[in-house]
Amino acid sequence: MRIVVAGGDGFCGWPTALYLSKQGHEVSIVDNLVRRKIDEELHSNSVTPIASLEERVQKWKELTGKEIKTFVGDLNHYDFLRQVFIQTEPEAFVHFAEQRSAPYSMIDREHAVYTQSNNVLGNLNVLYAIKEYAPDCHLIKLGTMGEYGTPNIDIEEGYIEIEHNGRKDTLPYPKQPGSFYHLSKVHDSHNIMFACKVWGIKATDLNQGVVYGLHTNETEMDPILNNRIDYDGVYGTALNRFLIQAAIGHDLTVYGSGSQTRAFLNIKDTVRCVEIAANNPADKGEFRVFNQFTEYFTVQELADKVKVVADKLGIQANIAHLENPRVETEEHYYHAVNTKLRDLGLEPNLLTDNVLENILETVIKYKDRVIKENVLPSISWK
Ligand SMILES: NC(=O)c1ccc[n+]([C@@H]2O[C@H](COP(=O)([O-])OP(=O)(O)OC[C@H]3O[C@@H](n4cnc5c(N)ncnc54)[C@H](O)[C@@H]3O)[C@@H](O)[C@H]2O)c1
């Protein structure tokens, strides 16, 4: 299959591009490299040293004989995107290319506006490009479980049957996102649903949980293929952040009580879920939603797990509770359905001590790269 991976230089996109290429797909990466520029803006870095995109794809070709084409440019430049579609004639377009940090979107007006214009308008351009240049292309769009928030009822996969005043309908599941970033994903979902209805586009919205982990079988083949791993208070996701804090002897910083429950998955499952979606496309005009996660944990449970594994490696990790910089409910009900990807063959990589130990060992190897001032949260929602 001819597959474009937009955002293919990022944390989820790079391992996905390699995995799909390994499965024999003709993969092209589109990326404007803005994530690397944001590292400069925040004076931050990936714990693992990451090679340039050119070096990465060259090494992949050297090791496997497989070519990944690269298009460096912005989804918001429609002339560029048009050329990508004309040259690649995609059968699937995997869309990871968005600003994905909730704290980044909450820094100030400028960052909120950037996040929503980059994400919402970029996605709208993708929808138009599919309509105009590849109407049979299947859009596989990364959404987030954060679109739903934490309602006091079970979270369904995209839609819910509602009975109101004696009548029934199946409607999009209500959204209660918790940041301007999460809101951008909700706006995207609405635009995609509408485009499916009016233009007959095929789309799968992957409402992904928080991704942890670092390596996949492919990125592990050579240090040049290293994936990035973020740890700072802006881009570091909970579990990865705790592991890096443990590695450098910093307290594991749990926000508030730590009872917040979130859905998680291993990066190895991210790449597999995208493959499953690509191999089982949505129908013409169908806006399909999959909840892409394998387990859920409270933030406190994650910190406890990291503490246990750190102990095994001779590191004494302390858990500290910080005032929560986010505005979020800490004590809440959480139960979300995630059967669709499993029904299509996903076999989850669950969070065992072994998995955590492996990540921690890699992180320890690179711990001198950690910029300690960046570890604490610096952005408040208020
Ligand atoms: N990492 C997670 O835990 C997680 C969880 C749920 C959903 N997601 C979603 O998955 C996707 C990928 O996340 P990630 O962690 O890999 O993020 P990332 O920031 O590491 O990667 C995103 C990539 O997209 C590129 N990009 C951003 N805007 C672009 C644009 N306008 N044009 C071209 N390229 C652009 C960036 O340069 C970067 O390489 C995002 O859409 C994110 O919202 C991620």
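Ligands are counted one by one from 1 in listed order, and the atoms in each one are counted from 1 as well.
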Is Trp14 close enough to touch ligand 1? Criterion: a residue heavy atom under 4.0 Å from a ligand atom. no

For ligand 1, is there an N or O atom under 3.5 Å from any N or O atom of Arg228? no

Any nitrogen or oxygen of Phe96, main chain or side chain, under 3.5 Å from a nitrogen or oxygen of ligand 1? yes

Within 45 degrees of the ring normal and closer than 6.0 Å to the centroid, is that where the cationic atom of Arg35 sits relative to Tyr235? yes

Please compare Asn32, Val5, Asp188 and report which has the shortest non-hydrogen distance to atom 34 (N) of ligand 1. Asn32

Starting from atom 14 (P) of ligand 1, which protein heavy atom do you reach first, and at what distance in Å? Arg100 NE, 3.6 Å

Look only at interatomic distance and state if Asn118 has a nitrogen or oxygen under 3.5 Å from any nitrogen or oxygen of ligand 1. yes

Cut-off 3.5 Å, side chains only: do Thr253 and Gln245 have a donor facing an acceptor? yes

Not counting sequence neighbours, which residues clear salt bridge (Lys or Arg N to Asp or Glu O under 4.0 Å) with Asp79? List them please. Arg82

Return the option from Gly10, Gly209, Ala238 holding the heavy atom at the smallest distance from atom 5 (C) of ligand 1. Gly209

For ligand 1, is there an N or O atom under 3.5 Å from any N or O atom of Gln208? yes

Show which atoms of ligand 1 fall inside a sub-4.0 Å distance from at least one heavy-atom site of Leu33. 37 (O)

Indicate whether any N or O donor in one side chain lies under 3.5 Å from an N or O acceptor in the other, for His77 and Asp74. no

Pick from Thr204, Asp188, Asp205: which one makes a side-chain hydrogen bond (donor to acceptor under 3.5 Å, both in side chains) with Lys141? Asp188

Tell me, which pairs form a salt bridge (charged side-chain N to carboxylate O under 4.0 Å, His left out) where one or both residues lie in residues 245-262, sequence neighbours left out? Arg262-Glu328

Please list, in number order, the atoms of ligand 1 under 4.0 Å from a heavy atom of Lys185. 40 (C), 41 (O), 42 (C), 43 (O)

What atoms of ligand 1 come within less than 4.0 Å of a heavy atom belonging to Gly143? 7 (C)

Counting each atom of ligand 1 from 1 as listed, which ones have a heavy atom of Gly73 under 4.0 Å away? 32 (N), 33 (C)

Begin with the C-alpha distance, continue with both residues' side-chain angles, and end with the deciding distance and a verdict on salt bridge (Lys or Arg N to Asp or Glu O under 4.0 Å) for Asp230 and Arg241. CA-CA 7 Å; Asp230 297 311; Arg241 202 156 38 83; over 6 Å; no

Do Tyr334 and Tyr296 have ring centroids that are under 6.0 Å from one another? yes

At less than 4.0 angstrom from any non-hydrogen atom of Val210, what atoms of ligand 1 do you find? 3 (O)

Using a plain distance cutoff, I'd like to know if Asp74 has any nitrogen or oxygen under 3.5 Å from a nitrogen or oxygen of ligand 1. yes

Do ligand 1 and His95 have nitrogen or oxygen atoms that lie under 3.5 Å from each other? no

